[in-house]
Structures are given as C-alpha cells and as structure tokens.
Student: 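Provided herewith is a single structure, encoded as structure tokens, for subsequent inquiry.
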Amino acid sequence: MQRPPFTALAAVYDAIMADVEYDAWADFVLSYARDGGLNASEALDLACGTGGFTHELYKAGLQVTGLDFSAEMLALARSRLPEVSFELGDLRHFELGRTFDLLTCVFDSLNNLLTPAELGQAISQMHHHLKPGGLAAFDLNTRLGVRELWEDDQIEGLALTADGNEVHYHWSHHFDPEEEVGVVQAFCRVMGEAGQSQEFVETHRERGYDPHEVAPLLKAAGFTRFETVEYPDYADPTPDTPRIWVFAWKEGQA
C-alpha cells in the first residue's frame, strides 16, 4: 500500500487538484516576463507533473518542453498534451543539451529538495539551460509557510476522476522540528465503477526556504539580477509571507 512519492498519486492527481489556478499563475509569470522585455518563444517547465501549468504555457503560444522525475506523472502529461515534448529527469542533474527563453517551476516543487545544496544544484541547472537574457520563474514555500501549512493539519474529501472513479482522500500533515521539514501522509482510496477499490499511501516531505537563503544560491549559480515577490501583486515579501516567487534573469542579450 505504501508507494514512492508521485507514483500511484499520478492517476488521481488532477481530480484532487482540480481547483489549482494554473491559468492565473501562468498570467502572473508571463506578465512579468513581458513587462521585463522578454519576448519568449521557447519554455521549459520543470517538475511539470501531469502538465497542468505546461498546458497554460502551451495555450499562450509558447513552444514548451516539460520535465519531471516521475514516469507516472509524465505518462498523464503526454496523454494530455501529445504535441508537447516531455523529458524524464531530476531537477538537480538534468541535461537537455539546449537552452530556453523561459524556465518555470511552480506549485512548491522545489521544496521537495530537502537541503540548500540540492536547491542550489537545481538553480544552477536552470541558469545553465537559459539563453542569455532569459528568465527563470519559480515559487517556494517559506519556512513559515511549511510550518503553518503542515503543522497538525488534515485534509480529506471526495473527487471524481475523468474516467468516473471516486477518489476518497485523507492527507495528514505535520511539521518535524528536528529535521525542519513538513511531512504529509497522503492516503487515497480509489473506487471503480464495478465496486472494486484500490488503496495507497504516499509520504511527501518539503523544506521551507526564506528569501535570504535563496539569494546566495542564485548568486552562486550565476544570476546577478533577480527579484523575490509575493503573488499576485508582485509586492515585497514580509516575515509573514508563506510563499515567495522568484524571478531571475540570465545576463546577456537574447
């Protein structure tokens, strides 16, 4: 019943996450890019999952490549977007042999990297895969955000998959102060039309990162111009900000 993260969950992920505002996030990122003078044509969506945010970039007219470490999630993404190229890869070590105008990584995916060294590796790979003058855009839960989101909380509900199955889910969250990570036990029971059921549990961990921790990692990766803001108004973060967005430009002319 215990499964690795983002494996069994792939089949029910879109049903449970049906309310995620990928369209608004895409407008937030693309508006910032346009205001900064970037006329992007090629984008790389990191930790793309089942392709929710990738789809929004594709709808905006970008030639998009998606990358994720979960083969199960990518199978769903390829089914959703057969016109898009998807690659299996690790955020810390991927090598595509090409560069892009815009790189994105959303929905606190980078918080799954549990040490600053790992996060720094991912940011370095972003810089390496950007064209001169290109933009990297990503979000992160802060330390406060992870503590508040994951501390002794429970979420449960019922969702319907596209093929008519019922998904009963119960997710329990807690914060581990010794490891400084949030832990979620994600339990799902999937009920088929014929009455058969399947149950599984996945354990997910996240580490929060504050702006002062991210800045030196950006500089070490080669980014000299970057900004950390809040969604949706691009305001400066405060000590009470639960999630930050980072926009980092690669030096040079596009």
Side-chain angles (χ1 to χ4, degrees), residues 5-6 9-36 38 40-70 72-89 91 100-113 122 126 134-142 145 149 155 157 159-163 167 169 171 184 186 188 202 204 206 228-235 241-248:
F6 302 106
L9 186 64
V12 300
Y13 187 84
D14 288 337
I16 296 174
M17 301 296 176
D19 294 334
V20 175
E21 50 183 16
Y22 293 116
D23 55 344
W25 292 350
D27 183 65
F28 179 72
V29 169
L30 295 175
S31 293
Y32 186 96
R34 287 192 297 268
D35 289 347
L38 180 64
S41 60
E42 294 181 294
L44 173 61
D45 187 27
L46 299 172
C48 64
T50 60
F53 190 77
T54 317
H55 186 209
E56 297 302 324
L57 296 178
Y58 177 74
K59 287 198 306 182
L62 293 167
Q63 181 180 338
V64 192
T65 299
L67 180 139
D68 202 277
F69 83 102
S70 168
E72 292 83 357
M73 300 287 269
L74 285 179
L76 272 293
R78 292 186 176 110
S79 175
R80 168 187 275 176
L81 293 169
E83 308 90 347
V84 171
S85 174
F86 289 97
E87 302 284 347
L88 184 68
L91 289 175
F100 301 83
D101 304 307
L102 175 68
L103 266 66
T104 58
C105 191
V106 304
F107 211 178
D108 52 89
S109 296
L110 289 168
N111 290 104
N112 289 281
L113 303 177
M126 291 183 193
L135 175 67
F138 57 89
D139 66 30
L140 284 163
N141 285 329
T142 63
L149 174 65
I155 299 174
L160 293 176
T161 66
D163 53 4
V167 184
Y169 59 92
W171 293 13
V184 58
C188 294
E202 291 188 9
H204 299 247
E206 286 196 7
T228 303
V229 301
E230 288 187 344
Y231 173 85
D233 57 0
Y234 308 102
T241 299
R243 178 181 290 185
I244 56 173
W245 284 77
V246 178
F247 293 99

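Keep in mind the model is a prediction, meaning the values are calculated, not measured.
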Student: Would you give the length of the straight line joining atom OH of Tyr169 to atom CD1 of Ile155, rounded to the nearest 0.5 angstrom?
Tutor: 7.5 Å

Student: Could you go through Leu135 and Tyr32, starting from their C-alpha distance and side-chain angles, then the distance that decides it, and tell me whether this counts as side chain to side chain contact (heavy atoms under 4.5 Å, CB included)?
Tutor: CA-CA 10 Å; Leu135 175 67; Tyr32 186 96; 4.0 Å; yes

Student: Residues in side-chain hydrogen bond (donor to acceptor under 3.5 Å, both in side chains) with Ser85, at least two apart?
Tutor: none

Student: About how many Å separate OG1 of Thr241 and CG of Leu140, when rounded to the nearest 0.5 Å?
Tutor: 13.0 Å

Student: To the closest 0.5 Å, what do you measure between SG (Cys48) and CG (Leu81)?
Tutor: 9.0 Å

Student: Once you round to the nearest 0.5 Å, how far does CD1 of Ile16 lie from OG1 of Thr161?
Tutor: 10.5 Å

Student: Over all heavy atoms of both residues, which pair between Phe247 and Val29 is shortest? Give the atoms and the distance, please.
Tutor: CE2-CA, 4.2 Å

Student: Indicate the atoms forming the closest heavy-atom contact of Leu102 with Ala40, along with that distance.
Tutor: CB-CB, 4.3 Å

Student: What is the minimum heavy-atom distance between Asp101 and Ser41, and which atoms define it?
Tutor: OD2-N, 2.9 Å

Student: Scan for salt bridge (charged side-chain N to carboxylate O under 4.0 Å, His left out) pairs involving residues 75-86, sequence neighbours excluded, and state none if there are none.
Tutor: Asp14-Arg80

Student: Would you compute the distance between atom CG of Asp139 and atom OH of Tyr231 and round it to the nearest 0.5 angstrom?
Tutor: 10.5 Å

Student: So which atom in Ala10 and which in Leu76 form the shortest heavy-atom distance, rounded to 0.1 Å?
Tutor: O-CG, 4.0 Å

Student: According to side-chain hydrogen bond (donor to acceptor under 3.5 Å, both in side chains), who are the partners of Glu87, at least two apart in sequence or on a separate chain?
Tutor: none

Student: Is there a donor-acceptor contact under 3.5 Å linking the side chains of Asp68 and Ser70?
Tutor: no

Student: Residues two or more places apart in sequence or in another chain: which of them pass ring-ring contact (aromatic ring centres under 6.0 Å, His included) with Phe69?
Tutor: none

Student: Heavy atoms only: give me the nearest Leu160-Ala15 pair and the separation to one decimal.
Tutor: O-CB, 3.4 Å

Student: Using distance alone, with no hydrogens and no angle criterion, decide if His204 and Glu206 have a side-chain donor and acceptor under 3.5 Å apart.
Tutor: no

Student: So Asp23 and Glu21, side chain to side chain contact (heavy atoms under 4.5 Å, CB included) or not? Walk me through it.
Tutor: CA-CA 5 Å; Asp23 55 344; Glu21 50 183 16; 4.0 Å; yes

Student: Is it true that a side-chain atom of Asp45 and a backbone atom of Thr54 form a donor plus acceptor pair closer than 3.5 Å?
Tutor: yes

Student: Can you name the residues that form a side-chain hydrogen bond (donor to acceptor under 3.5 Å, both in side chains) with Tyr234, not counting sequence neighbours?
Tutor: none

Student: What do the steps show when you test Phe53 against Val20 for side chain to side chain contact (heavy atoms under 4.5 Å, CB included), and what is the final call?
Tutor: CA-CA 10 Å; Phe53 190 77; Val20 175; over 6 Å; no

Student: Looking at residues at least two apart in the chain, or sitting in another chain, which of them share a side-chain hydrogen bond (donor to acceptor under 3.5 Å, both in side chains) with Tyr22?
Tutor: none

Student: Return the minimal non-hydrogen interatomic distance between Trp171 and Cys188, and the atom names on each side.
Tutor: NE1-SG, 3.9 Å

